[in-house]
Every structure is written in structure tokens, then in C-alpha cells.
Amino acid sequence: MTLLQKLRFDNRFTGSLPSDDVGGSVPRQVNGACFSRVAPANVANPALVSHSSEVAELLGISPEAVYDQSFADVMSGNRLLEGMDSHAMCYGGHQFGNWAGQLGDGRAIALGEVLDVNGDHQMLQLKGAGPTPYSRSADGLAVLRSSVREFLCSEAMHHLGVPTTRALSLVTTGDKVVRDMLYNGNPQPEPGAIVCRVAPSFVRFGNFEIFASRGDHETLRTLADFVVESEFPHLNSPNADKYVALLREVCERTAEMVVHWLRIGFVHGVMNTDNMSILGLTIDYGPYGWLDNYDPHWTPNTTDAQQRRYRFGNQPSVAHWNLLQLANALYPLVGEVEPLEEALEHYSQHFEKSWSTMMAAKLGLPSLADPRDSELAESVLTLLQSVETDMTIFWRELANVDCSGSSELLERGSPLLRAVYNVNAMTVEQSKAFHDFADGWAIRQRDLNVPIGERTTLMNQTNPKYVLRNYMAQLAIDEAEQGDFGLIAELLELVRSPYADQPDKERFYSLRPEWARTRVGCSQLSCSS
Ligand code: AMP
Ligand code: MG
């Protein structure tokens, strides 16, 4: 028996919830069911590209087992293990603010829930494993470029301390997948790939919305009861209070998640309600991006270029709007508006509190309670937009600003100028603003007298040195498409320790190169994957 075959499955989702009684993957509307059983498609030549050793370890998969061909066979969907129960979930969603009806797992097939080494349930899900009843007119497949992006980014997010789905493996399928990358009438064959994603649950806001929209309150209640029992057992109660408590906790978790995104400069790109996890995990890595220069109006998603609904700075209010849709979906189970409104309000309160703690930590301050400190927080965001300034480098360098009282420090903000894209083009006033900010920050640090070691540790645990900049993932993709997976391995290693100084990786601690400013994949991405 191989170590893979030792995986223990306990399929709560498919074992407890109503299933679609039609088989196969013919596109259809599925009523009164939370999922449809469907088998992954066969692929030509599955080959392992990369895997996360931490996720393998969590699942109890031995380090050697991943190098056996059977691992690639299973993680490509070519082979199902005993105990697996492959299926696609039924959900709906609001896309770009509009109700879109039934969506569902169109290019994801879940394999089943593994009991991990801690005894917790982990759903394995293959992204790009072939058509399902929810594929509509699409093929259910994924290409290498989008799979590399999801694989690296979800692991990077985890190591940054952001709640996220994980990625166990990345395999190429040996099949070609045709994609019109920019939707401009230029379809091309691309290498196909599959990521095995892992999370305790992949349930989204849209799983609730679909049943509420159809007036199917029975299935809605069954699903809500299941989610509370399996994922939020501490909220369980015999009455409707549990649904309100569920909303309240989802509000809290979602607020936490978005605050993390703001801390590290992450833009999700497609915050539709079908891409919002009930566990408050970052989910569905599509046209996401990282801020190089700090610009709250930026979004990498070309599909959203006009409206910019999902731009960096709009993510907190979009999350709130999405939670309102979840509240509406839960309403039939509660029957009263006020408790749901109160729970929703909790989002804003929790967000404010959490944002303020996060900003204080970025600034190396114990809190923003003192008005002088909240002013610093405000002024830093203005400063970051005054000239093109790299967000990651600016924050990381702040810890290197000298706080001593020496009056000789006329240019206290010098370390921060390393983050400016075009220092030579700065006006005298613009550079002065950097030095003034640094002076103001140093004064507060002297007032507070926090030992430098303590301050630096706090700041360096909050302000990452390495993030998965868009161009870095793109370089790895360029090489991978030529059959060279070296940079994927190197970047995976890099993102494992985003807060540590990695002297041999210093080249990744630098401003975005000029060529990446406008290149497709680095600054512009579409949903086409
Ligand atoms: P997204 O916003 O990218 O998460 O996708 C929105 C919806 O489209 C989901 O229901 C997906 O399952 C579906 N979808 C996206 N791409 C494909 C594809 N290549 N094949 C089938 N369904 C897809
Ligand atoms: Mg999605």
C-alpha cells in the first residue's frame, strides 16, 4: 500500500447534503441539490511540476510519495483513490454587482475530505479537471500560466499569514487548452495544468444565495445547518440565533482577511460573491495582483478596467456589500431584519479596529489611539501617493530610518527614497515631504521610547520583504512554458519566508523593472484561464 492510499477520507459534505440525481457533466440547472457527482476527465500525460511540502505533511503524505507517478496520476484526476467521492458544488453569485444565477464549480472538481494529521477535515479540489454540470459553455480546464499563479500565490499568502486556501500540487496534463488570453479574437493553444487546492471547506457566499434566490428554503436550511455544525460548531444552537451568529463570525473573518490584503498590497481582482469563502479564506486566484507602486485605484483585472469595482482601495466596501448579499440569503432562515443588520454592522466595527491595529504595527507603534499617531497613519498614505512609491520597499525600509535625536539628520527619510521609482524627477517639496514624514515618525518613536529591537521585530513581522510581484510570477510562467520549472521552485522557496532577510535573494527586493510596467500578465490580466 503506498502512502497515498493510506489517506483517510471522511466525506461530510457529500455524505450529509442533498445531491443532484442526474449523472454526467451535461450543462444544466441543478435544483434542490448542493452538488453533483462527477468524475475528473482523463489527461494525456500527468507530470508533477511542484508541490507544497508543508501541505503534503499536513495531509500525512510522505516526502517520497509525491515523487511516485501515482501522485501525479491522482492529482491530475487520472486515478481516484478509495474513499474519494468526486463532485462539483452548486452555487450562484453576484458578479460585478449583478445577480448571475447559477454558477457552480465549472472548472473545479472536489475529490473528498481527507482527515489531516491533526484529525481535521481537508477538502481536496482539482482546479481544471474537466467539465461539470456547471461548466456552461466552457471546457472546465485550466492553463499552465493561471495554475502557476494560483499555486505560488496561495502558498505565498499562507506564509504571509493571510487566511487562504492552500495548494498541494501543480501538475501539467500533457494536453493543450485553447485560450483567447485577452479576449481579443486571438485564441492560442496553451499547455494545460491542474492545481490541487486544499481547504477545510470551499463553500462560498454564493452557495447560500442560490437557494435563497430560488425560494428553496429547505435546502438553504440544510446547507446552513451543515456549515454551522461542521465549520462553526461553537455557534450551534437549536434556534435561528445560529444563523445570525454565523453571519457575525463571517463578517469578522472577512474583515480580518481584507485587512491582511491591505497590509501586504494584494488585490483579489474578482470579488464576486461566488469568490467569497464562508471561512473568510482568500479563494479563487484569477486576475489578482500585487501593488508595486502604492495606488489605491489600481486593479489588474482588464474585465474591470472601466468600473474598477475591485480596485485595491475599494476592497473593504465591496466585502461589506458582499456580506449584505449573504445576509439577504440568510434572511429567510431568520425572519427578522434587525439581528442581521446588527451582525453586518459588526463588519465595519471589526474592520476599523483591525485596520488600526494593523497600521500601528506597520508603523512600529503600539496603537493609533493618540491623535498624533493616527495623523501619522493618514499622512503616510498621502505620502505614498505623492510620487510613484513602491509599497513593499517603503514599509520595509521604514524600520531602517534613524530615530535618534541628532539634529544633523537633515535627510532622515533617505532610506525611504529607495522606494521611489524616479528619484531624479522628484521636486524639492516632494523629497522634503519624505524627510518631514520621517522626522515626525522619529519624534513619535522617541516619545514612546520603544526599544529599537522590539520595534524592528514588530515592523519586520508586519511589513514583508518579499511578495509575489506580478512580474516575478510572469517570469516563472515564461520559463515554465518552455519546460523549465526552476524559477517556480526558487519562488516557492522565496515566499516561504517573506519576512526574513534572504541575502541570496536580494534581487527580488527591488523595484518592479520598467519592462513589467505594461506587459500583459504583469499589469493586465483577464479572467481567461
Ligand atoms: P471565476 O470568477 O473565475 O471564479 O469563475 C466564475 C464562474 O465561471 C465559476 O462558476 C467558474 O466555475 C466558471 N468558469 C470559469 N472558467 C471556466 C472554465 N474554463 N470552464 C468551466 N467553467 C469555468
Ligand atoms: Mg470562482
Side-chain angles (χ1 to χ4, degrees), residues 24-30 34-36 38 40-41 43 77 86-110 123 125-147 149-150 153-154 164-165 167 173 175-181 183 187-195 197 199 201-210 213 267-279 281-289 299-304 309-310 318 322 325 525-529:
S25 59
V26 175
R28 57 186 181 263
Q29 289 294 305
V30 172
C34 293
F35 66 94
S36 307
V38 62
V43 307
S86 64
H87 64 278
M89 290 194 302
C90 179
Y91 54 82
H94 279 86
Q95 297 187 313
F96 299 95
N98 304 305
W99 174 243
Q102 179 183 297
L103 296 167
D105 287 333
R107 64 174 153 181
I109 296 182
M123 183 72 88
Q125 192 190 64
L126 302 183
K127 188 162 175 180
T132 77
Y134 310 98
S135 299
R136 293 172 287 168
S137 57
D139 54 13
L141 303 175
V143 293
L144 182 59
R145 71 185 144 83
S146 63
S147 306
R149 284 169 49 81
E150 169 133 17
C153 195
S154 53
T164 177
T165 61
T173 60
D175 294 321
K176 290 283 181 211
V177 175
V178 175
R179 284 291 179 272
D180 186 357
M181 186 158 73
Y183 300 130
Q188 297 289 330
E190 298 188 40
I194 296 176
V195 170
R197 311 197 285 192
S201 165
F202 284 92
V203 169
R204 299 128 192 276
F205 294 6
N207 289 69
F208 298 87
E209 288 180 277
I210 189 70
S213 80
V267 191
H268 181 283
V270 209
M271 288 177 74
N272 293 332
T273 55
D274 52 304
N275 291 337
M276 297 293 293
S277 145
I278 200 74
L279 297 183
L281 306 174
T282 312
I283 193 170
D284 278 13
Y285 292 86
Y288 68 82
T299 176
N301 186 354
T302 50
T303 318
D304 192 25
R309 179 181 176 86
Y310 299 140
V318 165
N322 288 344
Q325 307 316 311
L525 292 138
S526 76
C527 291
S528 164
S529 45

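First listed ligand is number 1; within each ligand, the first listed atom is number 1. Numbers for residues simply follow the sequence, beginning at 1. Because the structure is a prediction, the values reported are computed rather than measured.
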Thr303 and Tyr183 side chains, donor-acceptor separation under 3.5 Å: no
Check this for me - ligand 1, Gly140, N or O atoms closer than 3.5 angstrom, yes or no? yes
Numbered in order shown, the ligand 1 atoms found under 4.0 Å of a heavy atom of Arg136 are 7 (C), 8 (O), 10 (O), 13 (C)
Are Arg179 and Asp139 close enough that some pair of their side-chain heavy atoms sits under 4.5 Å apart? yes
Regarding Asn301 and Thr299, do their side chains bring together a donor and an acceptor under 3.5 Å, going by distance alone? no
Could you say whether the N/O atoms of Asp284 and ligand 1 ever approach to under 3.5 Å? yes
Does any N or O atom in Gln95 lie less than 3.5 angstrom from one in ligand 1, N or O only? no
Taking 2.8 Å as the cut-off, does Asn272 contribute an N, O or S atom near the Mg ion (ligand 2), distance below it? no
What do we get for Leu103 next to ligand 1 when only non-hydrogen atoms under 4.0 Å count, side chain, backbone, both or neither? both
Classify the ring geometry of Tyr310 against Phe96: parallel below 30°, tilted from 30° to 60°, perpendicular beyond 60°. tilted
Looking at Asp284 and Arg107, is there a salt bridge between them, counting it only when a charged N and a carboxylate O are closer than 4.0 Å? no
Using distance alone, determine whether Asn275 and ligand 1 share an N or O pair under 3.5 Å. yes
Please list, in number order, the atoms of ligand 1 under 4.0 Å from a heavy atom of Gly106. 12 (O), 20 (N), 21 (C), 22 (N)
Test side-chain contact (heavy atoms from CB on, under 4.5 Å) on Tyr288 and Arg149 and set out the steps. CA-CA 9 Å; Tyr288 68 82; Arg149 284 169 49 81; 3.3 Å; yes
Please name the atom of Asp284, restricted to N, O or S, that is closest to the Mg ion (ligand 2). OD2
Would you check the N or O atoms of Gly104, main chain and side chain alike, for any that come under 3.5 Å of an N or O of ligand 1? yes
Donor-acceptor pair, distance only, cut-off 3.5 Å: does the side chain of Gln102 make one with the backbone of Arg28? yes
Kindly confirm or rule out an N or O of Arg107 lying under 3.5 angstrom from an N or O of ligand 1. yes
Tyr285 versus Thr165, side-chain donor and acceptor atoms under 3.5 Å: no
In this structure, does ligand 1 have an atom that sits under 4.0 Å from one of the heavy atoms of Arg179? yes
